Amino acid sequence: MKKVLFATTALVLTAGVAAAEVTVSGDGRMGVRYDGQTATTDNEWNFNSRARVTFTLSGQTDGGLEFGGSFRADEAGDSAKNNGAAYGLEGSVYVSGAFGKVEMGDVVGASEALFGDFYEVGYSDLTTIGGLSNDIPYLTGDNGGFSVANQVVTTIGTGTTAVTTTVAGAYTSGPNLLYTGTFGAFSVAASMSDGKVGGADAGQEYAIAGAYTFGNYTVGMGYEVADGDFVDVDMLTLAGVAKFGNTSVKAAVSQLGKDADANWYGLGVSSVFGATTVGGYVQKLDDKSAADADVTWWGIGAEYDLGGGAVVKGGIADDDLSGTDAVADLGIKFSF
């Protein structure tokens with residue numbers, strides 16, 4: 001439920017009128033979370049809460065071209081560190097029209113723009129101890145980021161004696177550039193990061209994707225390339241989305257190549273029963289390289305809509321990495 005922060009401002013330029021608007025909305029959450037246990041930590045149950053405010057800006061030219069942006073208050077920017085929305089590293093801005101929509105800033109890549117992720121499990125968006133969640137592991141990180149191509153992985157030994165070391169390379173800086181367009185039953189997207197950090201070269205990511213929708217079904221394909229500091233990786237993804245009554249199903253499969261050799265599979269399902277929604281996902285990375293870093297992870301949860309912007313939500317998630325424990329939460333989410 002967005003509230004108008006400032007009244008709509010009418011700007012009379014000539015005979016035409018252009019309207020601009022700034023609105024404020026917010027979200028919050030509170031509850032308890034079990035952060036799991038490892039060989040060295042015993043986190044058990046913890047309180048978890050937060051509150052955030054989001055500013056949404058919108059306007060329209062005399063000719064009908066729409067423009068705008070959005071950012072959270074905590075993302076406004078830090079002039080000392082040259083980060084945040086003021087420097088294009090958080091939030092986003094856009095221009096849209098009959099040609100489609102062009103966005104820049106902290107935006108997703110082309111494949112994610114068309115196919116999205118799986119059902120978000122837990123009120124705190126649970127992430128396993130191994131760092132895995134409902135997110136599909138696209139190569140293009142939001143606003144750049146540490147992608148798989150920006151890491152060098154060294155494995156010494158085999159089997160139970162293997163020791164794997166991962167070193168992160170230079171941060172793939174944003175802002176990202178994303179184009180999306182829908183023309184009848186076809187949707188297309190293209191994206192890239194600028195590959196710079198403070199004027200210096202860093203890893204760069206490119207992606208294109210397309211989808212076709214017929215009735216309650218959507219099928220599509222995406223291709224991503226990540227030119228990293230240490231390795232180059234590409235990823236071809238086939239995805240499908242279907243809706244059967246109140247149940248939505250999403251499935252995808254990817255092949256990673258160049259300096260990587262792996263396959264990824266994922267399936268997500270969510271169903272709505274009145275005010276109750278139940279959903280979950282399972283994902284698997286089949287690593288065919290010498291590292292043999294196979295991993296399977298899953299999550300399942302439910303939520304109940306209290307009305308008025310409040311939802312009771314909880315879930316559990318886990319992976320099969322050695323020495324890790326499941327994570328879980330239960331709490332209330334708010335939207336304002």
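What you are looking at is a predicted structure, and each value in this text was computed from that prediction instead of being measured. All values below come from the heavy atoms of this structure, side chains included, with hydrogens, waters and symmetry mates left out.
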Are the side chains of [X] and [Y] in touch, meaning some heavy atoms are under 4.5 Å apart?
X      : Y      : value
Glu205 : Met192 : no
Val295 : Asp320 : yes
Val188 : Thr180 : no
Val53  : Val24  : yes
Met30  : Arg50  : no
Tyr138 : Asp117 : yes
Thr128 : Thr324 : no
Val249 : Leu267 : yes

Ion pair check, Arg52 and Asp27, cut-off under 4.0 Å: yes
Asp35 with Arg33: basic N within carboxylate O range, under 4.0 Å: yes
If I take atom [atom1] from residue [X] and atom [atom2] from residue [Y], how far apart are they, to the nearest 0.5 angstrom?
X      : Y      : atom1 : atom2 : result
Leu114 : Thr237 : CG    : OG1   : 11.5 Å
Asp106 : Arg72  : CG    : CZ    : 8.5 Å
Tyr223 : Gln255 : OH    : CD    : 10.5 Å

Ring centre gap for Tyr119 and Tyr281 strictly below 6.0 Å: no
Phe214 and Tyr217 aromatic centres sub-6.0 Å: yes
Ring pair (Phe, Tyr, Trp, His ring centres under 6.0 Å) involving Phe334 - partner list, sequence neighbours excluded: none
Charged tip of Lys101 within 45° of Tyr94 ring normal and under 6.0 Å: yes
Could you tell me if [Y] and [X] have a donor-acceptor pair between their side chains, going purely by distance under 3.5 Å?
X      : Y      : answer
Gln283 : Trp264 : yes
Asp325 : Tyr34  : yes
Ser25  : Thr54  : no
Asn48  : Ser124 : no
Ser133 : Thr127 : no

Any residue meeting salt bridge (Lys or Arg N to Asp or Glu O under 4.0 Å) with Asp259, in chain and number order, not counting sequence neighbours: none
Chi angles and distances behind the salt bridge (charged side-chain N to carboxylate O under 4.0 Å, His left out) call for Asp286, Lys288: CA-CA 6 Å; Asp286 180 14; Lys288 299 180 180 301; 3.1 Å; yes
